[in-house]
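We use all heavy atoms of the structure for the numbers below, so side chains are in, but hydrogens, waters and symmetry mates are not.
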Amino acid sequence: MKQMSIPSLEEGFHRDYLETLAMIERLHRLLLDVIKDEFERLNILDINAVQALLLFNIGDHEVTAGELKSRGYYQGSNVSYNLKKLVQGNYMHHKRCHIDRRAVRVRLTDKGREIRAIVADLFARHSARLEESGIIDTTALDYMNASLRVMERFWSDQIRYIY
């Protein structure tokens with residue numbers, strides 16, 4: 001097996017890559033904190049930020065836990081636990097799949113759609129504020145999204161052992 005040399009943390013591209021990884025982690029945690037703060041402000045305490053984001057991402061679709069995992073949104077045990085909690089809290093309906101009786105399909109209840117609307121409103125307010133303030137423009141967002149899609153494809157290929 002060929003031995004690879006690990007670049008030092010001071011080297012340009014490697015340093016920038018590690019900074020990007022750290023930023024992605026921080027941004028995800030901050031997003032969850034922003035959602036948590038919004039729910040605390042509204043005195044909605046029976047649902048956590050991960051569950052609210054899950055409801056937002058499911059939207060009007062009817063999905064299985066496997067579909068959420070295969071889309072790359074959530075980890076296995078994490079999604080199963082949160083779906084179970086959301087069903088118990090009456091945020092989601094669930095029913096067995098007709099074809100595969102082991103699979104359970106879920107969709108939002110009216111209560112779940114209310115939570116989704118709160119998250120959607122929060123994101124819409126943030127989007128408007130960012131645009132109005134000029135903090136970031138459409139061109140920068142387009143470039144950032146394109147770069148993140150490339151990173152997503154690269155990581156997906158690594159998981160599939162394509163080099």
Side-chain angles (χ1 to χ4, degrees), residues 17-138 140-153 155-156 158-159:
Y17 178 69
L18 293 176
E19 183 179 353
T20 299
L21 297 179
M23 181 63 68
I24 290 168
E25 284 186 278
R26 283 194 310 272
L27 286 172
H28 180 67
R29 283 193 302 272
L30 278 171
L31 173 62
L32 294 176
D33 285 344
V34 164
I35 294 169
K36 177 181 171 277
D37 287 350
E38 179 75 358
F39 279 71
E40 286 175 354
R41 187 182 66 72
L42 296 172
N43 202 31
I44 300 172
L45 307 174
D46 62 331
I47 187 169
N48 68 39
V50 170
Q51 293 162 350
L53 196 55
L54 184 62
L55 292 173
F56 177 80
N57 286 326
I58 290 172
D60 293 328
H61 303 283
E62 186 175 279
V63 297
T64 65
E67 289 168 335
L68 291 169
K69 289 182 281 187
S70 69
R71 290 181 192 173
Y73 289 138
Y74 302 95
Q75 298 295 320
S77 60
N78 188 16
V79 74
S80 298
Y81 169 81
N82 283 308
L83 288 176
K84 179 181 173 185
K85 288 297 192 181
L86 289 166
V87 168
Q88 289 172 347
N90 196 34
Y91 292 101
M92 301 191 89
H93 292 293
H94 74 291
K95 66 178 179 181
R96 292 261 170 229
C97 243
H98 297 299
I99 298 167
D100 181 354
R101 300 296 296 163
R102 296 169 297 169
V104 175
R105 298 197 66 78
V106 294
R107 64 181 163 75
L108 277 59
T109 62
D110 288 341
K111 188 176 176 184
R113 284 190 289 280
E114 289 172 14
I115 295 299
R116 184 180 191 279
I118 290 168
V119 175
D121 179 64
L122 174 68
F123 292 166
R125 288 192 329 262
H126 287 176
S127 173
R129 237 184 284 155
L130 280 167
E131 186 177 30
E132 289 166 6
S133 67
I135 292 173
I136 194 163
D137 63 14
T138 301
L141 280 176
D142 288 345
Y143 182 78
M144 184 172 19
N145 289 333
S147 296
L148 290 170
R149 276 191 292 276
V150 168
M151 187 78 75
E152 179 183 34
R153 267 192 312 275
W155 286 346
S156 293
Q158 300 312 298
I159 293 167

Inset, instruction - Output yes when a side-chain donor or acceptor of Glu25 lies under 3.5 Å from a complementary backbone atom of Ala22, and no otherwise. - result: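 Such a contact is absent between Glu25 side chain and Ala22 backbone.
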Inset, instruction - Using the side-chain hydrogen bond (donor to acceptor under 3.5 Å, both in side chains) rule, collect all pairs that involve residues 84-95, keeping only residues at least two apart or in two chains. - result: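 Every side-chain hydrogen bond (donor to acceptor under 3.5 Å, both in side chains) pair that includes a residue of residues 84-95, provided the two are not neighbours, is Asp46-Tyr91.
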Nearest 0.5 Å, what's the [atom1]-[atom2] distance between [X] and [Y]?
{"X": "Asn48", "Y": "Leu86", "atom1": "CG", "atom2": "CG", "answer": "8.0 Å"}
{"X": "Arg107", "Y": "Met92", "atom1": "CZ", "atom2": "CE", "answer": "9.5 Å"}
{"X": "Ile58", "Y": "Arg116", "atom1": "CD1", "atom2": "CZ", "answer": "10.0 Å"}
{"X": "Asp37", "Y": "Leu32", "atom1": "CG", "atom2": "CG", "answer": "11.0 Å"}
{"X": "Thr138", "Y": "Glu131", "atom1": "OG1", "atom2": "CD", "answer": "6.0 Å"}
{"X": "Arg125", "Y": "Asp121", "atom1": "CZ", "atom2": "CG", "answer": "5.0 Å"}

How about [X] and [Y]: do any of their side-chain heavy atoms sit closer than 4.5 Å?
{"X": "Leu68", "Y": "Leu83", "value": "yes"}
{"X": "Val104", "Y": "Val87", "value": "no"}
{"X": "Ile136", "Y": "Met144", "value": "yes"}
{"X": "Phe123", "Y": "Ile35", "value": "yes"}

Mind listing the closest non-hydrogen atom pair of [X] and [Y] along with its distance?
{"X": "Phe39", "Y": "Ala52", "result": "CZ-CB, 3.7 Å"}
{"X": "Lys36", "Y": "Ala49", "result": "N-CB, 4.0 Å"}
{"X": "Met151", "Y": "Tyr17", "result": "SD-CE1, 3.8 Å"}

Legend entry - Sidechain N-carboxylate O distance under 4.0 Å for Glu152, Arg149: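 Arg149 and Glu152: not salt-bridged.
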Legend entry - More than 12 heavy atoms of other groups within 6.0 Å of His28 NE2: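 Atom NE2 in His28 is not crowded, with 12 or fewer foreign heavy atoms closer than 6.0 Å.
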Inset, instruction - Please step through side-chain contact (heavy atoms from CB on, under 4.5 Å) for the pair His126 and Val34, ending with a clear verdict. - result: CA-CA 10 Å; His126 287 176; Val34 164; 3.3 Å; yes
Legend entry - Given Ile118, Leu55, Leu108, the one that forms side-chain contact (heavy atoms from CB on, under 4.5 Å) with Arg113: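 It is Leu108; the other options fail the test.
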